[in-house]
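This report refers to the structure that appears directly beneath it.
Chain naming here is simple, since letters A, B, ... match the order of the sequence lines and numbering starts at 1 in each. Note that this is a predicted model, so its numbers are computed, not measured.
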Protein chains: 2
Amino acid sequence: MIRDSRLSSVLHGLLHMIGAGEPVTSEQLAQAMATNPVVVRRVMAGLREQGLVRSEKGHGGGWTLARDPADITLADIYRAVGAPTIVAMGHRSENPGCLVEQAVNDALSGTFREVEAIFLKRLGAVTLDALAKDFKRRLAKHKQSLEDQIHAVK
Amino acid sequence: MIRDSRLSSVLHGLLHMIGAGEPVTSEQLAQAMATNPVVVRRVMAGLREQGLVRSEKGHGGGWTLARDPADITLADIYRAVGAPTIVAMGHRSENPGCLVEQAVNDALSGTFREVEAIFLKRLGAVTLDALAKDFKRRLAKHKQSLEDQIHAVK
DNA sequence: CATCATGTAACATATGAAGTTACATGATAC
DNA sequence: GTATCATGTAACTTCATATGTTACATGATG
């Protein structure tokens, strides 16, 4: 299964980082991600290991992007966030020699690999930068519509 | 996410049914599926609703396939077993109006649909009958190799 | 050296899947 | 008809795992 919550929550945080020109604290990210600071550190630690973000301690510390948003794809993030691989079929330690298991695996393991490959390929086609721009577009549109409402009232 | 355990466990049960010429009790299936009778009934109930199996009460009762194994595909079973749809991204009730969420959705919802479609298409290409035959082949091979070992000892 | 921020272990809570018990319902054999 | 067998299902109990929380250590900055 694909855990969406993690991915979309992390994207919230990253978009937040792009906006801010300075390091963002776990505390601030926790708000953007609707969670708490420790969880933020836990999740961001994974991204740091993949070289996507950096963390700095002390005054003025916090989290920053380690790479150009145009060079970071959703696939990178998905992987860093701990992609559980789409499926785990048959790789359980339960019945290593079970013949039914083997037959099922043979029939499906290729499919799983293929599906996962396609999924990652698609994610790889979307950069963080593109996402940020799309978000800004939406924001502008949203503002516009709010203003329109105000004018209509006036 | 794709819950494999369910699918592969159910396949165990179904192959068992193909082998037996008569109704198989939940008790017997529980052994084949390494679980207990109530869970078997719970899971099989889903397959019954999809018209894949039948259940009969009383003496000589139990579970039987409702259709020709050559007409049942793994996609049918996957769906009946309660396919949680590969992913749930963004459809959470949490932030219905969140613009980040919307941007992410737009970027990925098509991908999710596509990936799931491919997955089901592949599953749809494998029939229960084909799987059973493959299993029998493996079984024969396994027996053969056991006999070889015995002869070698003699 | 006081303060701020991350790093992390240890524990608490929540959610959902799976297992279990208990009993109702229906079917078959005698 | 009634004893027995099998499913149907509600209610409850684990169990696993993700998430949240507390507490404290580490390191950086002013």
Between A:Glu147 (side chain only) and A:Gln144 (backbone N and O only), is there a donor and an acceptor less than 3.5 Å apart? no

What N/O pairs connect the protein and nucleotides 26-30 of chain C at under 3.5 Å? Give each pair on its own line.
from   : atom 1 : to      : atom 2 : distance (Å)
C:dG26 : O4'    : B:Lys57 : NZ     : 3.1
C:dG26 : N2     : B:Gly58 : N      : 3.1

Please state how far atom [atom1] in [X] lies from atom [atom2] in [N], giving the value in whole angstrom units.
X       : N      : atom1 : atom2 : value
B:Leu47 : D:dG8  : CG    : P     : 12 Å
A:Glu22 : C:dA5  : CD    : C1'   : 14 Å
A:Met33 : D:dG20 : CE    : C1'   : 13 Å
B:Met44 : D:dT9  : CE    : C1'   : 17 Å
A:Glu27 : D:dT21 : CD    : C1'   : 13 Å

Phosphate OP1/OP2 of [N] contacted by [X] side-chain N/O (<4.0 Å):
X       : N      : answer
B:Thr25 : D:dA6  : no
A:Ser55 : C:dG7  : yes
B:Thr35 : C:dG19 : yes

Listing time: all N or O pairs from protein to nucleotides 10-12 of chain D that are below 3.5 Å?
from   : atom 1 : to      : atom 2 : distance (Å)
D:dA11 : N6     : B:Arg42 : NH1    : 3.3

Picking from B:Ile72, B:Leu47, B:Val24, B:Leu52, what satisfies side-chain contact (heavy atoms from CB on, under 4.5 Å) with B:Leu65? B:Ile72

Near [X] [atom1], under 6.0 Å, is it more than 12 heavy atoms from other residues, nucleotides or ligands?
X        : atom1 : value
A:Glu114 : CD    : yes
B:Gln31  : CD    : no
B:Gln50  : CD    : yes

For the atom pair CH2 (A:Trp63) and CZ (A:Arg48), what is the distance rounded to the nearest 0.5 Å? 4.5 Å

Nearest 0.5 Å, please: how far is CE in B:Met33 from CZ in B:Arg6? 9.0 Å

So which one's nearest nucleotide on DNA chain D is more toward 5', A:Arg41 or A:Asn36? A:Asn36

Are B:Asp106 and B:Gln102 linked by a side-chain donor-acceptor pair shorter than 3.5 Å? no

If you take all heavy atoms of B:Met44 and B:Leu29, which pair is closest and at what distance? CE-CD1, 4.3 Å

